[in-house]
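Report on the structure given below.
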Amino acid sequence: MPVSRPRRYWLVKSEPDVFSFDDLIAAPQHTTGWDGVRNYQARNFMRDDMKLGDLVFFYHSSTDPAGIAGVAEIVREAYPDATALDPAHAHFDARGTPDAPTWYQVDVRARERFTQLVTLAELRESPGLDGMELLRRGSRLSVQPVSAEHWKLITARWTTVPV
DNA sequence: GCCAACGTTGGC
DNA sequence: GCCAACGTTGGC
């Protein structure tokens with residue numbers, strides 16, 4: 001048995017025009033592979049630190065308004081991102097091989113939806129979220145950790161319903 | 001559409 | 001190893 005560790009919390013970004021939280025809810029088992037990440041820091045979080053049962057805020061970026069749409073759960077730990085190994089795929093990256101993949105993904109499953117989008121503006125106005133990576137000026141990281149304190153504050157302040 | 005911030009690439 | 005150029009992200 002793996003050694004248990006406290007559940008960790010994360011935030012992932014997606015452009016809803018490409019893949020929205022509703023798309024995740026509509027997917028089989030409310031689950032999708034989080035492929036296409038091509039940033040090393042984001043990859044490292046997925047490959048090394050995201051574990052089964054960790055919870056994830058699903059954030060809608062590049063939309064108006066931007067904000068957190070729901071909560072998902074890690075249901076499969078890191079495995080190679082097949083889209084990076086497929087020459088026909090738009091996200092192909094010739095650096096990797098099946099034996100030594102460069103890019104990884106996890107699987108996420110939708111759990112809860114916020115009754116209203118928690119907008120970026122609301123988060124910025126909300127006391128207690130100082131230091132949250134999402135709110136940092138110039139923050140672009142598409143997979144990022146969320147502290148337990150920030151997670152509890154957000155989930156206490158805004159209402160969710162099961163998907 | 002604009003543009004600041006950021007990560008990556010590649011010449012040296 | 002430095003750093004300018006470039007492409008991308010993402011709020012506004």
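From a predicted model like this one, the values you see are computed outputs, not experimental measurements. In the text below, chain A, chain B and the rest are named by the order of the sequence lines, each starting its count at 1. Only this structure's heavy atoms are used, side chains among them; waters, hydrogens and symmetry mates stay out.
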Closest of dG11(C), dA4(B), dG7(B) to the R137(A) side chain is dA4(B)
Students should find that the end-to-end axis angle of the helix from dG1(B)-dC12(C) to dC12(B)-dG1(C), with five pairs defining each axis and rounding to 10 degrees, is 10°
Taking all atoms of both residues into account, what is the closest heavy-atom pair of Q105(A) and G33(A), and its distance? NE2-CA, 3.3 Å
How long is the line joining CG of D64(A) and C1' of dC2(B), in whole Å? 15 Å
Give the rounded distance in Å between these two atoms: CD of E133(A) and P of dA5(B). 15 Å
Of the listed dC6(B), dC12(C), dG10(C), the closest approach to the R124(A) side chain comes from dC12(C)
Output yes when at least one side-chain N/O atom of K13(A) is less than 4.0 Å from OP1 or OP2 of dG10(C), else no. yes
Determine the interplanar angle of the F57(A) and F114(A) rings, folded into 0 to 90°, and report it as parallel if under 30°, tilted if 30 to 60°, perpendicular if over 60°. tilted
In whole angstroms, how far is the P atom of dC12(C) from the CG atom of L123(A)? 11 Å
Please state whether the phosphate of dT9(B), meaning OP1 or OP2, lies under 4.0 angstrom from any side-chain nitrogen or oxygen of Y40(A). no
If we count only N and O atoms by modelled type, under 3.5 Å, do the side chains of S139(A) and E133(A) hold a donor and an acceptor together? yes
Candidates dG7(B), dT9(B), dG10(C) - which lies nearest the side chain of Q41(A): dG7(B)
Pi-cation contact, Y79(A) with R76(A) (under 6.0 Å, within 45°): yes
Whole angstrom is fine here: how far is it from CG in L141(A) over to C1' in dA5(B)? 13 Å
Nucleotide nearest R95(A) (side chain, heavy atoms from C-beta), chosen from dG11(C), dT9(B), dG10(C): dT9(B)
How long is the line joining CG of D17(A) and C1' of dT9(C), in whole Å? 15 Å
Euclidean distance, atom CZ of residue R136(A) to atom C1' of dG11(C) [Å, nearest integer]: 14 Å
Using a strict cut-off of less than 4.0 Å between a Lys/Arg side-chain nitrogen and an Asp/Glu carboxylate oxygen, indicate whether E73(A) and R109(A) qualify as a salt bridge. no
Without hydrogens or angle criteria, can the side chains of D99(A) and T97(A) be said to hold a donor-acceptor pair below 3.5 Å? no
Between CZ of R43(A) and P of dG7(B) the distance, given in whole Å, is 15 Å
Ignoring the backbone of S61(A), work out which of dC12(C), dG10(C), dT8(C) is nearest its side chain. dG10(C)
Can you confirm if the aromatic rings of Y40(A) and W103(A) lie within a centre distance of less than 6.0 Å? yes
Roughly how many Å is it from CD1 in I68(A) to P in dG11(C), rounded to a whole number? 12 Å
Considering just the side-chain nitrogens and oxygens of R38(A), establish if one lies under 4.0 Å of OP1 or OP2 belonging to dG7(C). no
How is N39(A) classified with respect to the nucleic acid when contacts are heavy atoms under 4.0 Å: base, sugar-phosphate, or nothing? sugar-phosphate
